[in-house]
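A quick note: this is a predicted structure, and the numbers were derived from the prediction, not measured.
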Amino acid sequence: MDGITIRSLFKKKEEGRRITMVSTYDYLSARLCEEVGIDCILVGDSLGMVFQGLESTLPVSLEEMIYHTKAVRRGAKRSFIIVDMPFLSYQVSLEEAIKNCGRVMKETGANAVKLEGGEEIAELVHKLVNIGIPVVGHIGFTPQSVHALGGYRVVGRVEEEAQRVRRDFKALESAGAFMVVLESMPTSLAKELTENSKAITIGIGAGPYCHGQVLVFYDLVGLVEDIKPKFVKRYVEGGKLFKEALKRFKEEVEEGLFPSWEESYG
Ligand code: KIV
């Protein structure tokens, strides 16, 4: 079967069918996503917090993003894979940003890169698109600016901030971003952006009107038990299930019940 392409994603948008995206970082979860027909896999820099246990996404390196994307591609051969460019891999200079984005595309087999920001990265987006690198934008709450934004919060509730979000969206669209992630913003604002949009909008904490939705794999399967933002839905209580399995393994080993003859070589 053919892989997912920008054309097939736009076809879905035009037919009014919603696009699905999961943010994940490893071979096995990527394989599961592809097996159930998730359209896009985002190798998100949220891996810094979810996979590495860091306080924010800021310390994540380009090498780490490349490492995880290669693993994801091995598990998902036909999914549309988007790679988050980590903090400071695209903000220092245009030249360095293009080199880093190009490196990601060359080394990982990804289909697109994702950059956080709006007006301030429009020139870079334009250049990347011109040299053939598809770009996904990310506006609203942008985790790499968590300190500047004053913590994790909804962005665009006050008019001045909503205007900024609108300008950022327009700038990305005009620069040629084919998709924009809208994170943690009022539903009405995301709806307005989506209704007038040439680009595909993907929401996370942006209400139901976007062209598609994204959640982090470990959130949606319930493995992140201690934090649950309002926009996360746990489709299974994976943490409880896994702990139950681990407890039974521990008990059976301690009681000499595992391995039985069934799991032992004759
Ligand atoms: O890093 C990530 O996983 C993301 C999504 C939550 C949009 O940027």
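- Val154 and Ile227 are members of different hydrophobic clusters when ILVMFWY side chains are connected at heavy-atom separations under 4.5 Å.
- No side-chain heavy atom of Thr24 sits under 4.5 Å from any side-chain heavy atom of Val216.
- When side chains are defined from C-beta on, Ile81 does not count as touching Cys40, because their heavy atoms never get closer than 4.5 Å.
- When atom types are taken as modelled, the side chain of Asp168 and the backbone of Ile139 share no donor-acceptor pair closer than 3.5 angstrom.
- Side-chain atoms of Thr194 come within 3.5 Å of backbone N or O of Ala190 as a donor-acceptor pair.
- Here salt bridge (Lys or Arg N to Asp or Glu O under 4.0 Å) pairs that include residues 141-158, with residues two or more places apart or in two chains, are Arg153-Glu161.
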**OP:** Start with the C-alpha distance between Lys170 and Glu173, add both sets of side-chain angles, then the distance that settles salt bridge (Lys or Arg N to Asp or Glu O under 4.0 Å), and finish with yes or no.
**Re:** CA-CA 5 Å; Lys170 272 275 149 255; Glu173 211 184 30; 2.8 Å; yes
**OP:** Mind running side-chain contact (heavy atoms from CB on, under 4.5 Å) on Lys233 and Leu220 for me, showing each step along the way?
**Re:** CA-CA 6 Å; Lys233 179 168 176 180; Leu220 81 89; over 6 Å; no
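- The six-membered or imidazole ring of Phe10 lies away from that of Phe80, with a centre-to-centre distance of 6.0 Å or more.
- In this structure a side-chain-to-backbone donor-acceptor pair under 3.5 Å is missing from Ser79 to Ala76.
- Nearest approach of Lys13 to Ile200, heavy atoms of both residues: CD-CG1, 3.7 Å.
- Nearest heavy atoms, Met105 versus Pro134: CE-CD, 4.1 Å.
- Here OG of Ser23 is found 8.0 Å from CG of Leu47. Values are rounded to the nearest 0.5 Å.
- Ionic pairing of Glu160 and Arg164 is not present here: no N-O contact between side-chain nitrogen and carboxylate oxygen is shorter than 4.0 angstrom.
- Listed by first then second residue, pairs satisfying salt bridge (Lys or Arg N to Asp or Glu O under 4.0 Å) with a partner in residues 253-266 read Lys250-Glu254, not counting sequence neighbours.
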Original post:
Given the rule in the side-chain contact (heavy atoms from CB on, under 4.5 Å) test, do Leu32 and Ile38 qualify, once you have shown the distances and angles that lead to the verdict?
Top reply: CA-CA 9 Å; Leu32 295 177; Ile38 298 291; over 6 Å; no
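- Between Cys101 and Leu115, the shortest heavy-atom distance links the atoms SG-CD2, 4.3 Å.
- Interatomic distance, CD1 of Ile41 versus SG of Cys33, reported as 4.5 Å (0.5 Å rounding).
- Note: the hydrophobic cluster containing Met21 does not contain Tyr209 (ILVMFWY, side chain heavy atoms under 4.5 Å, direct or indirect links).
- Applying the salt bridge (Lys or Arg N to Asp or Glu O under 4.0 Å) test to residues at least two apart or on different chains, the pairs with a partner in residues 101-116 are Glu63-Arg103, Asp84-Lys114, Arg103-Glu107.
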Under 3.5 Å, which donor-acceptor pairs do the side chains of residues 240-249 form with other protein atoms, sequence neighbours left out?
residue, atom, partner, partner atom, Å
Lys243, NZ, Glu225, OE1, 2.8

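- Nearest heavy-atom pair across Val43 and Met65 is O-CE, 3.1 Å.
- The line from CE of Met179 to CD1 of Ile82 is 5.0 Å long, rounded to the nearest 0.5 Å.
- Note: Met85 CE to Ile121 CD1 = 11.0 Å, rounded to the nearest 0.5 Å.
- Looking only at distances, no side-chain donor or acceptor of Arg73 sits under 3.5 Å from a matching main-chain atom of Tyr27.
- Distance alone, capped at 3.5 Å, is enough to place a donor-acceptor pair between the Gln213 side chain and the Gly207 backbone.
- Residues Thr69 and Val104 have side chains not in contact (no heavy-atom distance under 4.5 Å, counting atoms from C-beta outward).
- Residues in residues 175-193 take part in these salt bridge (Lys or Arg N to Asp or Glu O under 4.0 Å) pairs, two or more places apart or across chains: Arg166-Glu192, Lys191-Glu195.
- Separating the NE2 atom in His126 from the CG atom in Leu172 is a distance of 13.5 Å, to the nearest 0.5 Å.
- Atom CZ of Phe87 is separated from atom CG of Leu62 by 14.0 Å, given to the nearest 0.5 angstrom.
- Sorted by first and then second residue, the pairs that involve residues 37-55 and meet side-chain hydrogen bond (donor to acceptor under 3.5 Å, both in side chains), not counting sequence neighbours, are Lys12-Asp39, Thr20-Asp39, Tyr25-Ser46, Asp45-Gln144, Gln52-Glu64.
- Nearest heavy-atom pair, Leu215 versus Val232, reported as atom, atom and distance to 0.1 Å: CD2-CA, 4.2 Å.
- With hydrogens and angles ignored, the 3.5 Å screen pairs no side-chain donor or acceptor of Thr201 with any backbone N or O of Cys210.
- In the hydrophobic cluster analysis, where Ile, Leu, Val, Met, Phe, Trp and Tyr join through side-chain heavy atoms closer than 4.5 angstrom, Tyr67 is grouped apart from Phe217.
- Listed here is the closest heavy atom pair of Ala171 and Gly118: CB-C, 4.4 Å.
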Original post:
Between Asp26 and Tyr218, is a side-chain hydrogen bond (donor to acceptor under 3.5 Å, both in side chains) present by the stated rule, with each step listed?
Top reply: CA-CA 11 Å; Asp26 65 275; Tyr218 295 89; 2.6 Å; yes
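- Ile6 and Val136 fall within the same hydrophobic cluster, defined by Ile, Leu, Val, Met, Phe, Trp and Tyr side-chain heavy atoms under 4.5 Å apart, directly or through other members.
- Ile204 and Tyr235 fall within a single hydrophobic cluster, where Ile, Leu, Val, Met, Phe, Trp and Tyr are joined by side-chain heavy atoms under 4.5 Å apart, directly or via other members.
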